[in-house]
There are 2 protein chains.
Amino acid sequence: MKINKGVEWAAHACSLLGPLWPDKGLPLSALAEFHELPEAYMAKQMQALSRAGIVKGGRGRNGFYVLSKSPKEITLLDILLAVDGNEPMFVCTEIRQNGPCAQASEDCTSPCGIAAHFARAERQYRASLEKIDLESLNAGVISDLSPDNLRDAADWLSENHRTLG
Amino acid sequence: MKINKGVEWAAHACSLLGPLWPDKGLPLSALAEFHELPEAYMAKQMQALSRAGIVKGGRGRNGFYVLSKSPKEITLLDILLAVDGNEPMFVCTEIRQNGPCAQASEDCTSPCGIAAHFARAERQYRASLEKIDLESLNAGVISDLSPDNLRDAADWLSENHRTLG
DNA sequence: GAGAGGCTACTCGGATATTCTCTGTCCGAGTAAATCTGG
DNA sequence: CCAGATTTACTCGGACAGAGAATATCCGAGTAGCCTCTC
């Protein structure tokens, strides 16, 4: 029940890309360097985001990543599902249909009670993350920065960002 | 982010033990056989429950498992944490303290915004499972049984249960 | 026949292999910019 | 000097190993009941 480490990286990366949207972005190398992450593995996470349609990666010499939607339309849940997969945490193997007192499968119209409770909990988990969009996420992250840090980051980004077209 | 398969087994096992509490229980062999599960691996799950203080396993020739508390005091969350471990799903590696614009660790008094949101979601997940105690869980499971199944199960349990000394 | 002691059979508990997913890495596909060549 | 084709350098994308955890299994520790032996 551990979330992939890549989710954290992807979330931070999207947080960086948020303020640059819609016409600016960052190459993989910058996204990795900003947080001192291994570029090759960071690529894997960005690919996952790309496949999920959260970011768009222009290929070629001047390629870089841009958010493919407004930061308001991207939620933490989207990022989690993109990187970690959207399989449910709890998978019911219907063991109630096994053994000496097995329930007939035609009697199992409603899901197993245990599975139902886990599913409900998971829905609440997802709902909680669904509420956090990239815009509000960024507001929170930035408010934690010291004025010096904020200026440093802004400078660094302006040096490394790239523009579409 | 997948929950251990053993959690399902453990939950069903506790569900069987609930109505037998406080003076009756079932040996591992019965718990495994009832749902046609591999006994050796089922043992692992019961050991985890035992270590967490949810069940008590009497050793020796006539040993068997009994709930160690009232079914009302045991929640789905307890079972989940016992079998799956109580590590948080999302672990923040503080990558904000890395890289060219790293935040100084003394500035990081409040947790990283991203981690905070995941933590909040996880609290809601746990809270949802915390509400389900074994008694209400059993009520749900039993209500899904057909009358025939219910009788079969009752008979089988009365044949296989064991009573404290 | 009764009691005590020892033995056996059966149970739980922890330590041990095996499989699978996550983690980490590499090389190929693709494109924009720079270069070169001919006019 | 300029336009166009070509080369080049740099980027993302998917395929490929290694590590760690989950899965599955086995053997040892422990106890209740049974058997035997003795009185």
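In the text below, chain A, chain B and the rest are named by the order of the sequence lines, each starting its count at 1. Small disclaimer: the values here were computed from a predicted structure and weren't measured.
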Query raised in the report: When the nearest nucleotide of DNA chain D is assigned to Ile3(B) and to Ser29(A) on a heavy-atom basis, which residue is associated with the more 5' position?
Result: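 In this pair, the answer is Ser29(A).
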Query - DNA chain D: 5'-proximal contact among Lys2(A) and Phe64(A) (nearest heavy atom) - result: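 Its nucleotide being nearer the 5' end, the pick is Phe64(A).
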Report task. Indicate yes or no: does Arg96(B) engage Glu94(B) in a salt bridge with an N to O separation below 4.0 Å. Result ->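 Yes, this pair counts.
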Minimum-distance nucleotide to [X] side chain [options: [options]]:
{"X": "Arg61(A)", "options": "dA24(D), dG24(C), dC10(D)", "result": "dC10(D)"}
{"X": "Pro27(A)", "options": "dG33(D), dT31(C), dT11(D)", "result": "dT11(D)"}
{"X": "Asn4(A)", "options": "dT23(D), dT31(C), dC22(C)", "result": "dC22(C)"}
{"X": "Tyr41(B)", "options": "dC22(C), dT31(D), dT25(D)", "result": "dT25(D)"}

Length of the [atom1]-[atom2] vector between [X] and [N], whole Å:
{"X": "Glu87(A)", "N": "dC20(C)", "atom1": "CD", "atom2": "P", "answer": "16 Å"}
{"X": "Trp9(A)", "N": "dC22(C)", "atom1": "CH2", "atom2": "P", "answer": "15 Å"}
{"X": "Gln45(A)", "N": "dT25(C)", "atom1": "CD", "atom2": "P", "answer": "12 Å"}
{"X": "Leu28(A)", "N": "dG30(C)", "atom1": "CG", "atom2": "P", "answer": "19 Å"}
{"X": "Lys5(A)", "N": "dT21(C)", "atom1": "NZ", "atom2": "C1'", "answer": "15 Å"}
{"X": "Asn160(A)", "N": "dT11(D)", "atom1": "CG", "atom2": "P", "answer": "11 Å"}
{"X": "Glu39(A)", "N": "dT11(D)", "atom1": "CD", "atom2": "C1'", "answer": "9 Å"}
{"X": "Glu33(B)", "N": "dT11(C)", "atom1": "CD", "atom2": "C1'", "answer": "16 Å"}

Query - With Tyr65(A), the side chain to side chain contact (heavy atoms under 4.5 Å, CB included) member among Leu16(A), Leu49(A), Leu26(A), Leu31(A) - result: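 In the set Leu16(A), Leu49(A), Leu26(A), Leu31(A), the residue that makes a side chain to side chain contact (heavy atoms under 4.5 Å, CB included) with Tyr65(A) is Leu31(A).
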Query raised in the report: Taking atom NZ of Lys69(A) as the centre, does the number of heavy atoms from other residues, nucleotides or ligands within less than 6.0 Å exceed 12?
Result: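 Above 12, so yes.
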Query raised in the report: CD of Glu106(B): more than 12 outside heavy atoms within 6.0 angstrom?
Result: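 Check passes, neighbour count above 12.
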Query raised in the report: Using a cut-off of 4.0 Å on non-hydrogen atoms, how would the nucleic acid contact of Gly60(B) be classed: base, sugar-phosphate, or nothing?
Result: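 Base contact.
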What protein N or O atoms touch nucleotides 13-16 of chain C N or O atoms at under 3.5 angstrom, if any, and at what distances?
from: dG13(C); atom 1: OP2; to: Tyr65(B); atom 2: OH; distance (Å): 2.8
from: dG14(C); atom 1: OP2; to: Arg51(B); atom 2: NH1; distance (Å): 3.1
from: dG14(C); atom 1: N7; to: Gln47(B); atom 2: OE1; distance (Å): 2.9
from: dG14(C); atom 1: N7; to: Gln47(B); atom 2: NE2; distance (Å): 3.1

Query raised in the report: Is there a donor-acceptor contact under 3.5 Å linking the side chains of Ser158(A) and Asp155(A)?
Result: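 Their side chains do not contain a donor-acceptor pair, so the 3.5 Å distance test is not met.
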Query raised in the report: Angle class for the Phe118(A)/Phe90(A) ring planes (parallel below 30°, perpendicular above 60°, tilted otherwise)?
Result: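 The rings of Phe118(A) and Phe90(A) lie parallel, inter-plane angle below 30°.
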Query raised in the report: Would you say a side-chain N or O of Arg162(B) is under 4.0 Å from OP1 or OP2 of dT11(C)?
Result: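 For dT11(C), OP1/OP2 do have a side-chain N/O of Arg162(B) under 4.0 Å.
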Requested in this report: Say whether, by atom type as modelled, one donor and one acceptor occur between the side chain of Glu122(B) and the main chain of Met89(B) under 3.5 angstrom.
Outcome: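 Flag set: sc Glu122(B) to bb Met89(B) pair under 3.5 Å.
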